[in-house]
Amino acid sequence: MATGREIHLAARPHGAPRPEDFALVEVDVPDPGEGELLIRNAFISVDPYMRARMNEVESYAPSYRVGEVMWGGAVGQVVASRNERFPAGTWVQHGLGWRELALSDGRGALPFDPSGAPVSAALGVLGLTGFTAYYGLLEIGRPKEGETVFVSGAAGAVGSVVGQIAKLKGCRVIGSAGSPDKVAWVRELGFDEAFDYRETSTREALRDAAAAGIDVYFDNVGGSTLEAAIGAMRTHGKIVACGSISGYNATEAAPGPRNLFQIVTKRLLMKGYIISDHYDGFGDFLAEMGPWVRDGKIRYRETIVDGIENAPAAFMGLLAGENIGKMLVRVGEAP
C-alpha cells in the first residue's frame, strides 16, 4: 500500500473557479492486482475543457463528481506492474487525472518513449493537444497552399501548433493572442501577422491583415472573435469550431454572433469536433508530427507549475490566460 495526494472537486463553481472549489486529499493506493499497473506521475495536464466538466450538465464527457478526483491527462512511469503490456519502468500517458499515484487496469494507457522527446510532450504537442490541432486543421479546415488561415488563441497549446502546421502547408497565417509577450511568441513561430486583441479589436485587425478575406478560421475562443471572423470570411470558407474559452466561466448564456446569417450568404462550412471521436487517426498523427518536432519544424512552449497542491491555481491561471503554450503541473521526477 502506497500513499499519494490527489485533487478532488470540492464544490461546483458559479462563474470562475475559486480555490475552495478544490480539495487536496491524501489517499492510500493499493498494490496492483492481476492485470493492473501502478503509475507514479511526472506531469498532469490542465485543460480548458475541464471547466465544463465541473458543471452538472449533460455533455460529451461525464461531469466531475463532487468529492472525487479531477480526471484528465497525465504522464508517468510504471513503478509496479502485473500487466505484461506495461512492465515496470515503462513511461505511459493516461487519463486518470490530478493525482501523484494512479492505479490503472491498462485501458486508455499508451506507452511513451522518453528517448524521442521530453515526457511532458506526451500531454502537449505529441499528445491529444497536438492531435486536436492536427486533426481540426487538416481534416476539417483542409487549407490549400496560398490560402489565408486565421487562428484565435494562437499562443495556446492548440493554436500555436495549428498556425505552424498551416505554414508547413504553404498558407498565410494570422494569429490573435492576449498580451505583447504572446504576440511576440506567435510571430517567432513564423505567423505572417499577429495582433493583441486586447489592444486592437479583432474586426479592425482582420480588416488590415486580411483585406482579401479569410479562407479558414480555427476558433479556440468563440464570442466576439467568432463574430469578427465570420465577417471576414471569404465565400466557401471553413470554420473549425474547436473551443470557446471566452465563455467557459459565463454564468448566463451569451448571445450568438449577430452576423450568423453570413454562414448562409457566404456558403460557409462550420464544423465542431471532439478529438476523442477520432482516436483511430492518432497513429497517423504521430507518424507525421514526431518528425516535425524532432526536426524543429514544429516548436512548442510549456508553462510549468510545480506541485500537485498548485494544480487548482494552474487551472485558474489557464482560464485567465496566464499561460503561453501548454499548461502543465509537475508532480514527480521526469528524465
Side-chain angles (χ1 to χ4, degrees), residues 6-17 21-23 25 39 41 43-76 92-99 102-110 122-124 126-136 139-140 153 156-159 161-162 218-223 240-251 253-254 270-282 285 308 311-312 314-319 323 326-329:
E6 50 192 47
I7 300 293
H8 289 190
L9 179 66
R12 299 199 185 279
H14 181 73
D21 296 326
F22 305 89
V25 180
I39 305 162
N41 286 331
F43 293 94
I44 59 175
S45 181
V46 295
D47 297 287
Y49 78 86
M50 293 177 167
R51 176 61 187 86
R53 294 188 69 182
M54 297 176 77
N55 300 329
E56 195 170 16
V57 295
E58 186 173 345
S59 186
Y60 68 91
S63 297
Y64 296 132
R65 295 183 179 180
V66 174
E68 294 187 4
V69 73
M70 295 279 293
W71 299 94
V75 62
V92 295
Q93 59 185 101
H94 60 87
L96 298 177
W98 293 5
R99 56 181 97 209
L103 186 66
S104 169
D105 61 7
R107 289 180 295 179
L110 293 172
L123 301 178
L126 296 179
L128 293 184
T129 298
F131 187 31
T132 298
Y134 179 92
Y135 183 90
E139 294 298 325
I140 300 175
V158 171
V161 175
V162 169
F218 196 103
D219 186 24
N220 287 306
V221 302
V240 183
C242 179
S244 189
I245 196 171
S246 67
Y248 287 167
N249 286 329
T251 56
M270 182 175 181
K271 183 176 180 180
Y273 68 110
I274 302 299
I275 198 58
S276 57
D277 293 338
H278 307 288
Y279 282 153
D280 57 345
F282 190 73
F285 152 74
I308 194 166
F315 179 60
M316 291 183 285
L318 171 77
L319 295 176
N323 62 301
K326 179 67 179 176
M327 178 73 91
L328 296 168
V329 180

State, with a plain yes or no, whether a side-chain heavy atom of Asp47 is found less than 4.5 Å away from one of Lys326. yes

Closest non-hydrogen atom pair, Ala74 against Gly97: CB-O, 4.0 Å

Within this structure, what is the OG-CD1 distance for the pair Ser104 and Ile39, rounded to the nearest 0.5 Å? 4.5 Å

Classify the angle between the aromatic ring planes of Phe131 and Tyr135 as parallel (below 30°), tilted (30 to 60°) or perpendicular (above 60°). perpendicular

Work out which heavy atom in Leu110 is nearest to a heavy atom in Phe282; give both atom names and the distance. CD1-CE2, 4.1 Å

Short question: side chain of Trp71, backbone of Trp98 - any donor-acceptor pair under 3.5 Å? no

Taking all heavy atoms of Val69 and all of Tyr64, pick out the closest pair and write down the distance. O-CD2, 4.3 Å

Rounded to the nearest 0.5 Å, what's the gap from CG on Asp219 to CD1 on Ile245? Could you check? 11.5 Å

Any donor-acceptor pair under 3.5 Å linking the side chain of Thr129 with the backbone of Leu123? yes

Any side-chain heavy-atom pair from Asp21 and Pro312 closer than 4.5 angstrom? no

Find the distance between SG (Cys242) and CD1 (Ile274) and round it off to the nearest 0.5 Å. 8.5 Å

Supply the atom-to-atom distance Ser45 OG to Leu318 CG, rounded to the nearest 0.5 angstrom. 8.5 Å

Side chains of His94 and Asn41 in contact at under 4.5 Å (non-hydrogen atoms): yes

Short side-chain to backbone donor-acceptor contact, Asp105 and Arg107, under 3.5 Å: yes

Between Tyr134 and His278, is there a side-chain heavy-atom distance shorter than 4.5 Å? no

Where Ser244 and Gly222 come nearest, the two heavy atoms and their spacing: OG-CA, 3.6 Å

Point-to-point distance, once rounded to the nearest 0.5 Å, from CG of Leu128 to OH of Tyr49: 8.0 Å

Residues Gln93 and Ala122: closest non-hydrogen pair is NE2-O, 3.3 Å

So, using side chain to side chain donor-acceptor pair (under 3.5 Å) as the criterion, who are the partners of Asn220 when residues are at least two apart? none

Side chain to side chain donor-acceptor pair (under 3.5 Å) with Arg53: which residues, sequence neighbours excluded? none

Arg12 atom CZ, over 12 foreign heavy atoms within 6.0 Å: yes

What one should report as the nearest heavy-atom pair of Met316 and Pro17 is SD-O, 3.1 Å

Side chain to side chain, Tyr273 and Val240, heavy atoms closer than 4.5 Å: yes

So, do Pro13 and Arg51 sit near enough that their side-chain heavy atoms are less than 4.5 Å apart? yes

Side chain to side chain contact (heavy atoms under 4.5 Å, CB included) between Val158 and Phe218, worked out: CA-CA 10 Å; Val158 171; Phe218 196 103; 3.8 Å; yes

Interatomic distance, CG@Asn55 vs NE2@His14, rounded to 0.5 Å, equals 10.5 Å

